[in-house]
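Written out below as structure tokens is the structure these notes cover.
Here the structure is a predicted model, which means the values were calculated and not measured.
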Amino acid sequence: MADKRRLAVVLFNLGGPDRQSAVRPFLFNLFSDPAIIQAPGVVRWLLALLISTIRAKSARTNYALMGGGSPLLPQTEAQAAALDRVFADLAPDIETKVFIAMRYWAPRAAEVARAVAAFAPDDLVLAPLYPQYSMTTTASSTAEWTSVYRGRGRMRALCCYPIDTGFVDAHARRIMAAWETAGRPGKIRLLFSAHGLPQKKVEDGDPYQSQIEAAAAAIAERLGPGWTDWRVCYQSRVGPLKWLGPSTPEAIQQAGRDGVGVVVAPVAFVSEHVETLVELDHDYAKLAVAAGCTPYIRVPALGVQTDFIKGLARSALGLLGQAEGVHPGSPFVCDSAWSRCPRRREGAAAC
């Protein structure tokens with residue numbers, strides 16, 4: 001029998017400190033990334049050192065609420081295992097192995113690249129666990145990977161999947177389940193909360209905001225006519241720059257003034273971590289009480305939700321019929337204004 005075709009799938013995620021002593025170096029890795037702070041090397045290094053030192057204490061407090069470290073790696077490992085099982089069902093004639101490469105903490109790309117090279121794949125798919133493309137997430141992870149991988153394999157990269165059917169269906173199911181568990185309350189507003197981004201990056205052509213809005217619109221449409229009161233908002237602002245708005249706290253306070261409760265769906269997060277388990281579950285829940293915004297219902301991240309995992313697997317396998325390079329996982333078309341889209345072409349860019 002001929003050997004099976006080998007496929008390596010590399011899941012990209014940001015990573016998180018696995019213990020209290022890792023918080024400061026994790027923050028340093030984050031803020032020393034030129035995709036996060038655009039400054040000359042020495043200046044960026046000094047700024048990263050300063051910011052990581054200043055923020056370490058409060059960050060340790062937040063991670064202490066989650067047991068001392070981030071749950072992101074074990075959750076990503078569960079997603080990788082779920083994908084392995086789906087690949088075995090969808091493509092039994094391909095020997096597929098899923099790897100995890102974190103951007104700012106272990107396992108880092110250089111270590112994973114050696115493991116992938118040892119696997120000797122015929123094909124390699126880079127699959128970000130960032131559904132919406134940004135220079136600060138997908139582009140940064142992809143750049144690090146291509147700088148260290150020296151193994152074999154025809155490489156394709158999944159740039160985004162903001163309106164992929166599996167992704168949209170998974171969110172719709174999670175939202176409906178959370179609402180029904182809460183007793184199907186009326187007078188409710190759906191808030192799609194995404195990680196924030198400085199406004200300047202969008203003005204410079206980053207398509208992130210447009211993809212967040214497209215994802216929210218697709219999910220709301222999937223939910224049906226009973227979910228017309230929905231908004232997009234942004235959380236996790238850092239620093240003095242103007243960020244995308246409205247902020248999630250502002251959206252919650254506005255809901256309180258409008259006399260409605262909220263269902264908060266983390267549309268840009270597919271795993272639970274500090275932004276969901278601390279900001280959404282603790283900080284914003286307290287804010288909702290103070291603002292008179294009740295009920296406050298938080299939708300779980302997608303995790304290993306079946307529709308999401310199957311959709312991601314189908315997107316990865318779909319790339320095998322494409323030429324090497326960057327490809328979208330859903331029929332989303334970036335407006336030509338988004339110059340940072342990796343699939344941009346004259347007039348518009350499929351992304």
Side-chain angles (χ1 to χ4, degrees), residues 36 58 62 130-137 160 162-163 168 171-172 174-175 178-179 182 185-223 226-270 273-301 334-335 337-338 340:
I36 304 298
S58 61
N62 287 338
Y130 324 119
Q132 302 87 14
Y133 182 89
S134 174
M135 296 298 292
T136 61
T137 53
C160 60
I163 59 171
V168 170
H171 267 295
R174 283 279 201 248
I175 291 165
W179 177 65
K187 286 191 173 182
I188 205 80
R189 176 171 296 158
L190 175 58
L191 298 182
F192 292 103
S193 187
H195 197 290
L197 191 70
Q199 183 70 40
K200 185 178 185 302
K201 291 190 179 293
V202 174
E203 293 169 354
D204 288 343
D206 194 305
Y208 177 74
Q209 181 183 20
S210 69
Q211 294 199 9
I212 290 291
E213 292 172 351
I219 297 165
E221 182 179 5
R222 176 67 178 81
L223 286 166
W227 294 84
T228 56
D229 186 1
W230 61 269
R231 315 281 170 87
V232 172
C233 50
Y234 298 90
Q235 63 183 92
S236 312
R237 175 178 172 176
V238 178
L241 295 176
K242 181 180 180 181
W243 280 48
L244 295 176
S247 70
T248 304
E250 290 169 341
I252 292 170
Q253 291 170 328
Q254 184 60 56
R257 290 191 292 270
D258 293 341
V260 297
V262 293
V263 175
V264 183
V267 71
F269 306 108
V270 299
H273 50 308
V274 67
E275 284 84 1
T276 60
L277 297 175
V278 176
E279 285 187 39
L280 294 183
D281 287 353
H282 289 267
D283 301 343
Y284 299 168
K286 290 180 181 178
L287 175 65
V289 172
C293 176
T294 58
Y296 177 86
I297 304 166
R298 207 273 277 185
V299 180
C334 282
D335 184 271
W338 308 121
R340 299 293 183 174

Which atoms form the tightest heavy-atom contact between [X] and [Y], and what is the distance?
X    : Y    : value
V168 : P162 : CG2-O, 4.3 Å
V270 : A301 : C-CB, 3.8 Å
W230 : A216 : CZ3-CB, 3.7 Å
S210 : W338 : OG-NE1, 3.4 Å
L280 : Y296 : O-OH, 2.7 Å
P207 : Y133 : CG-CD2, 3.7 Å

Would you say [X] and [Y] make side-chain contact, with heavy atoms under 4.5 Å?
X    : Y    : result
I297 : I188 : yes
Y234 : S247 : no
F192 : V299 : no
C233 : S193 : yes

Does R222 CZ have over 12 foreign heavy atoms under 6.0 Å away?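 No, because the 6.0 Å sphere around CZ of R222 holds 12 heavy atoms or fewer from other groups.
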Counting only heavy atoms not in E221, do more than 12 fall under 6.0 Å of its CD?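 Result for CD/E221: open.
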With rounding to the nearest 0.5 angstrom, report the [atom1] to [atom2] distance, [X] to [Y].
X    : Y    : atom1 : atom2 : result
Y284 : T276 : OH    : OG1   : 11.5 Å
Q211 : I163 : CD    : CD1   : 9.0 Å
T228 : R189 : OG1   : CZ    : 10.5 Å
I36  : K201 : CD1   : NZ    : 6.5 Å
S236 : E279 : OG    : CD    : 3.5 Å
S134 : I212 : OG    : CD1   : 9.5 Å

Any sub-3.5 Å donor-acceptor pair from [X]'s side-chain atoms to [Y]'s backbone N or O?
X    : Y    : result
Q235 : T248 : no
Q132 : A214 : no
E213 : V232 : no

Trace of the side chain to side chain contact (heavy atoms under 4.5 Å, CB included) decision for V278 with D283: CA-CA 6 Å; V278 176; D283 301 343; 4.0 Å; yes
If you apply the rule side chain to side chain contact (heavy atoms under 4.5 Å, CB included), what do you find for L287 with Q253, and how did you get there? CA-CA 8 Å; L287 175 65; Q253 291 170 328; 3.6 Å; yes
Taking only residues two or more places apart in sequence, or in another chain, which ones meet Y208 in a ring-ring contact (aromatic ring centres under 6.0 Å, His included)?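 ring-ring contact (aromatic ring centres under 6.0 Å, His included) list for Y208, sorted by chain: empty.
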Between D206 and R340, does any NZ, NE, NH1 or NH2 come within less than 4.0 Å of an OD or OE carboxylate oxygen?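 D206 and R340: not salt-bridged.
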Can Y130 and H195 be said to form a side chain to side chain contact (heavy atoms under 4.5 Å, CB included), step by step? CA-CA 11 Å; Y130 324 119; H195 197 290; over 6 Å; no
Which is it for R298 and L277 under the side chain to side chain contact (heavy atoms under 4.5 Å, CB included) test, yes or no, and what are the steps along the way? CA-CA 10 Å; R298 207 273 277 185; L277 297 175; 3.8 Å; yes
